[in-house]
Amino acid sequence: MKIIRVADYETLSSKTADLIAAQVLVKPNCILGLATGSTPIGTYEKLIEWHEKKGLDFSEVTSINLDEYVGLDSNDKNSYRFFMNYHLFEHINIVRSNTYVPNGMTKDWEKECETYDHRILQLGGIDLQLLGIGNNGHIGFNEPGETFVKNTHLVELGESTIQANSRFFETLEEVPKQAITMGIGAIMQAKKVLLIANGKEKEEIVEKAFHGPITPQVPASILQLHPDVTVICSF
Ligand code: PGA
């Protein structure tokens, strides 16, 4: 595992974008596992610059996102499909039908979860998985619990996640209570993992996740067992 501490968010964003750009350059038809949240926004801005100024070509790339809220459709500004379109896909030449986000509007959760895992398998797995980390140690929406959950699944969001994410909504009540998330299995099977953490408030959880015991109470701690993890942090 490599932990890189950088001076500020700007540097975190450009370093992370450079590593993703390198993946696309080396393997133009790569499978990128992508993340939402505040932290990757700067990375996506830098990737758009890579595309616009240096001609980075996303035409053969496939992306597969970590998670989606239950009950928000793609036109809802808080849905993760909307986020991805708005912050990245609309600005690069990725083929929209090659971008996958779980369908939070499905009535058949089990089927949606199964299909998502099947798709990852069919794609041949994820080449590079980008992750943020929640204040409670979640990755994707794999919340602290009794066990690590391997497959894509429906999750009840924890109180601290609902609180943290309420900053994007008008009221706390509007924050969805459930989400569909990729499981720990697909994340652990990604060839490379890139985790980014920004701000003082993330320092303690990053310390716990990467220097503490491996426990489902801190889902990111499982990454200690992954053979190729880079953590980039600014705090
Ligand atoms: P953040 O979220 O980037 O908005 O801090 C990270 C996460 O919850 O995974």
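Whatever order the structure lists ligands and atoms in, that order sets their numbers, starting from 1. Every value quoted in this text rests on a predicted model; they were computed, and no experiment measured them. Heavy-atom basis, side chains included; hydrogens, waters and symmetry copies ignored.
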Pairwise, report which nitrogen or oxygen atoms of ligand 1 are under 3.5 angstrom from protein nitrogen or oxygen atoms, and how far apart they are.
unit_1	atom_1	unit_2	atom_2	d
ligand 1	3 (O)	Ser38	N	3.3
ligand 1	3 (O)	Thr39	N	2.9
ligand 1	3 (O)	Thr39	OG1	2.4
ligand 1	4 (O)	Ser38	N	2.8
ligand 1	4 (O)	Ser38	OG	3.3
ligand 1	4 (O)	Arg167	NH2	2.8
ligand 1	5 (O)	Lys202	NZ	2.6
ligand 1	8 (O)	His138	NE2	2.7
ligand 1	9 (O)	His138	NE2	3.4

Sidechain N-carboxylate O distance under 4.0 Å for Lys111, Glu114:
no
Pairing of Arg5 and Glu203 as salt bridge, 4.0 angstrom limit
yes
May I ask you to decide whether Asp127 forms a salt bridge with Lys192, counting only side-chain N to carboxylate O separations under 4.0 Å?
no
Over 12 foreign heavy atoms within 6.0 Å of CD, Glu10
no
Answer yes when Glu49 and Lys54 have at least one side-chain N-carboxylate O distance shorter than 4.0 Å, and no when they do not.
no
Near-ring test Tyr100/Tyr116, centroid separation under 6.0 angstrom
no
